[in-house]
2 protein chains.
Amino acid sequence: MADAAGVSLSTASLAFSGNKPVSDATRQRVLGAAESLGYTGPNPLARNLRQGRSGVVGIAVGQLSTAFRDPAALPMLDAVSEVLGAAGLGLLLMGDEDDHARLPLDAVIYDICGRETWAAYDAFVARGIPLVVVEGPTWPGTTFVDIDHRGGSAALARHLHDLGHRRVAVLTLEPSHPQRQREAGLRDVFPDAVVIGACASDHGAAQQLASDWFDSSPDATVLVCQSDVQAAAVVVEARRRGLSVPGDLSVAGFDGVPTPWLDLELTTIAQPLGDKGRAVARAALARIEGDDVEDVLLPVTLRVGSSTGPA
Amino acid sequence: MADAAGVSLSTASLAFSGNKPVSDATRQRVLGAAESLGYTGPNPLARNLRQGRSGVVGIAVGQLSTAFRDPAALPMLDAVSEVLGAAGLGLLLMGDEDDHARLPLDAVIYDICGRETWAAYDAFVARGIPLVVVEGPTWPGTTFVDIDHRGGSAALARHLHDLGHRRVAVLTLEPSHPQRQREAGLRDVFPDAVVIGACASDHGAAQQLASDWFDSSPDATVLVCQSDVQAAAVVVEARRRGLSVPGDLSVAGFDGVPTPWLDLELTTIAQPLGDKGRAVARAALARIEGDDVEDVLLPVTLRVGSSTGPA
DNA sequence: GGCTAGCATCGAAACGATTCGATCGAAACG
DNA sequence: CGTTTCGATCGAATCGTTTCGATGCTAGCC
């Protein structure tokens with residue numbers, strides 16, 4: 001250790017951490033000795049043990065390739081990473097299969113819906129690790145960050161109603177907390193909207209579902225989707241069949257992400273992805289500090305594009 | 001601690017870790033005591049310090065939202081995560097801005113090209129942390145995993161030459177190690193291929209570049225792109241201008257990822273993304289064990305689709 | 001019966017920092 | 001000049017494991 005060159009362990013530690021004042025001369029001596037001995041600074045593992053923190057926050061997103069294929073996931077992840085990084089914390093990706101209960105995490109973010117997919121939830125709760133859940137159900141020991149699914153869907157529904165639409169079809173996500181909220185919002189305006197099927201936010205799956213639906217000679221004048229990816233797939237499939245959007249069918253999405261390969265702007269519910277990520281990260285930070293944290297509900301905005309028109 | 005209920009610390013440790021045999025009766029007693037005292041198993045931080053390992057591998061990908069917007073990034077990330085997870089290691093996302101030198105990482109993967117973006121490289125080398133570089137230049141202390149950019153590009157070029165094409169335009173990535181290799185492969189066949197511009201693998205940017213190029217009344221019969229995302233954007237833009245693909249212009253991509261919103265199959269160089277990820281992860285694991293690791297060069301395959309045709 | 005093996009358990013020494021409280025001088029103050 | 005104060009430094013305790021070597025004990029062997 002560098003203290004062979006002049007000072008005590010405690011002083012050397014202070015010279016590196018700056019937790020207490022150290023005279024300039026001493027600091028120079030310590031840093032110089034470290035340099036010449038090839039000492040590269042405090043061992044992070046030892047620091048972590050002493051401080052009882054790992055400096056790492058886990059984020060569970062289900063299967064990685066599925067989770068990030070949806071463009072809505074990225075801006076949020078970016079924001080989370082940015083806020084945590086600024087606080088000196090790292091972000092650890094938790095796939096859905098591995099046993100992450102043995103890793104030293106300061107907090108865990110669940111960015112998927114459905115309690116059943118919360119890997120290692122019990123272990124984390126038992127160890128007292130703060131949990132932040134995005135768009136999931138509330139659960140003991142958990143801080144909750146959500147967007148206004150229901151209000152957004154209702155706003156979209158009113159927009160469609162104003163355009164004269166009465167026969168509404170819905171392409172849903174697989175059953176989940178946000179999905180239920182969105183359906184409720186839609187039914188506030190269209191109680192008898194008809195669900196044509198459910199799939200993940202995936203272009204191929206949505207296009208297949210839309211194709212089957214078109215085959216059934218539907219009479220709806222608008223198809224409401226649960227993501228812009230789904231909506232884009234529906235537009236592509238409609239056109240492939242010679243249908244015009246919004247002439248023959250109006251299509252609405254959710255999320256408000258760019259779909260640059262379409263030459264129209266989707267009508268969609270834009271959610272504040274960056275705000276959501278920042279709220280999540282701040283909640284995690286606060287809980288790590290031991291502060292009490294309120295659940296967060298973020299507003300969404302209806303963004304009217306050119307994929308919806310008069311019935 | 002649980003040893004208040006019967007045994008010594010060492011035995012309790014063995015009961016949990018299983019590193020040495022412990023009698024069944026003792027194990028039961030230890031586990032029972034742990035249960036009733038609310039002890040949730042060995043503290044990961046302490047274990048890490050003792051063992052000198054954190055169980056976490058970092059992966060640097062540049063800005064997150066940019067890196068993962070490219071669909072080619074995900075299958076590889078998935079494979080990396082799967083192999084590391086099976087070995088009990090976690091994967092930590094390193095954005096390009098933060099100081100990750102203070103985190104306890106067992107190894108670091110650089111999945112971006114260009115030495116200048118290797119955040120904290122010097123610090124990691126100084127601390128003796130194994131580094132694995134994907135598609136980057138070789139560098140001291142580094143294990144290198146790459147695909148055969150040059151051979152793949154040359155194979156594509158021969159395919160185009162066979163189709164009768166002689167006037168070739170190229171849309172490149174920003175300058176980087178793989179980009180240089182790919183250009184070399186192309187020029188093995190078409191020495192005077194003309195570069196029309198460079199951009200990241202991003203739909204919007206590529207479409208803009210293609211648009212400018214079409215405005216210049218080009219005489220090339222084929223446009224070679226460096227990713228399927230770029231190629232898809234070019235196809236979209238060509239059609240928007242009433243050009244047929246491959247009738248008026250052949251288009252080729254790179255990567256071999258699905259482009260479900262196009263109704264044609266891109267001609268492309270398919271790279272083994274899963275294999276690449278697994279090779280990277282295995283290299284990291286081996287280096288963590290202290291083994292010597294050979295650099296890896298993976299083959300690619302030409303996949304002829306319907307976006308290229310006779311000149 | 002004595003000796004050797006082998007198994008289960010234990011004690012103590014790391015792992016490498018941070019941090020609390022004490023000490024020691026020198027400066028400031030009356 | 002005596003006393004207080006403050007800043008810099010130091011010693012020792014602590015974080016919670018894992019692991020090495022030693023110790024007992026039982027069983028097997030000749």
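The basis for the numbers below is simple: all heavy atoms, side chains too, and nothing from hydrogens, waters or symmetry mates. Here is how names work: the chains are called A, B, and so on, in the same order as the sequence lines, proteins then strands, and each is numbered from 1.
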Can you give the dot-bracket line for DNA chain C, where a pair is Watson-Crick or G-U wobble with both atom distances under 3.5 Å, crossing pairs use [ ], and | marks a partner on another strand? ||||||||||||||||||||||||||||||
Write down the distance between [atom1] ([X]) and [atom2] ([N]), rounded to a whole number of angstrom.
X: A:Asp24; N: D:dG7; atom1: CG; atom2: P; result: 15 Å
X: A:Asn19; N: D:dG7; atom1: CG; atom2: P; result: 16 Å
X: A:Arg53; N: C:dG16; atom1: CZ; atom2: P; result: 23 Å
X: B:Arg29; N: C:dA8; atom1: CZ; atom2: C1'; result: 12 Å

Take the angle between the ring planes of A:Tyr110 and A:Tyr121 and call it parallel below 30°, perpendicular above 60°, tilted in between.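 The rings of A:Tyr110 and A:Tyr121 sit tilted, inter-plane angle from 30° to 60°.
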Under 4.0 Å between any heavy atoms, over every strand shown, what does A:Asn48 touch: base, sugar-phosphate, or nothing? Just pick one.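 No contact at all - A:Asn48 keeps every heavy atom at 4.0 Å or more from the nucleic acid.
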B:Leu14 or A:Pro21, whichever maps to the more 5' nucleotide of DNA chain D: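 Comparing both residues, the 5'-ward one is A:Pro21.
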Report the residues that fulfil side-chain hydrogen bond (donor to acceptor under 3.5 Å, both in side chains) with A:Ser17, sequence neighbours left out, ordered by chain and then residue number.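 If we apply the side-chain hydrogen bond (donor to acceptor under 3.5 Å, both in side chains) test to A:Ser17, skipping adjacent residues, there are no hits.
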So if I take every side-chain heavy atom of B:Ser13 and compare against C:dC10, C:dT19, D:dT18, which nucleotide ends up nearest?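 Nearest to the side-chain atoms of B:Ser13, counting from C-beta on, is D:dT18.
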If you check the A:Ser10 side chain, which of C:dG11, C:dT18, D:dG11 turns out closest?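 Given the options C:dG11, C:dT18, D:dG11, the side chain of A:Ser10 is closest to D:dG11.
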Reckon B:Ser8 has a side-chain N or O less than 4.0 Å from the OP1 or OP2 of C:dT9?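 So the side-chain polar atoms of B:Ser8 never come under 4.0 Å of the phosphate oxygens OP1 or OP2 of C:dT9.
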Check whether any side-chain N or O of B:Ser23 sits under 4.0 Å from OP1 or OP2 of C:dT9, and answer yes or no.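 Yes.
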Side chains of [X] and [Y]: does their closest heavy-atom pair fall under 4.5 Å?
X: A:Val257; Y: A:Leu74; answer: no
X: A:Ser227; Y: A:Asp255; answer: yes
X: A:Leu91; Y: A:Leu77; answer: yes
X: B:Asp146; Y: B:Asp295; answer: no
X: B:Leu273; Y: B:Lys276; answer: yes
X: B:Leu14; Y: B:Val30; answer: no

For residues 100-107 of chain A, dump all side-chain donor-acceptor pairs below 3.5 Å to protein atoms at least two apart in sequence or in another chain.
{"residue": "A:Asp106", "atom": "OD1", "partner": "A:Ser54", "partner atom": "N", "Å": "2.9"}
{"residue": "A:Asp106", "atom": "OD1", "partner": "A:Ser54", "partner atom": "OG", "Å": "3.2"}
{"residue": "A:Asp106", "atom": "OD2", "partner": "A:Ser54", "partner atom": "N", "Å": "3.3"}
{"residue": "A:Asp106", "atom": "OD2", "partner": "A:Gly55", "partner atom": "N", "Å": "2.7"}

Show me the protein contacts with nucleotides 13-16 of chain D, counting only N or O atoms at under 3.5 Å.
{"residue": "D:dT14", "atom": "O2", "partner": "A:Arg50", "partner atom": "NH1", "Å": "3.1"}

For B:Gln226, does its backbone N or O pair with a side-chain atom of B:Arg182 as donor and acceptor, under 3.5 Å?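 Between the backbone of B:Gln226 and the side chain of B:Arg182 there is a qualifying donor-acceptor contact (under 3.5 Å).
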Report, one pair per line, the protein and nucleotides 22-24 of chain C atoms (nitrogen or oxygen only) whose separation is under 3.5 Å.
none

Show every salt bridge (Lys or Arg N to Asp or Glu O under 4.0 Å) that has at least one partner inside residues 32-58 of chain A, sequence neighbours left out.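 Residue pairs passing salt bridge (Lys or Arg N to Asp or Glu O under 4.0 Å), neighbours aside: A:Arg53-A:Glu289.
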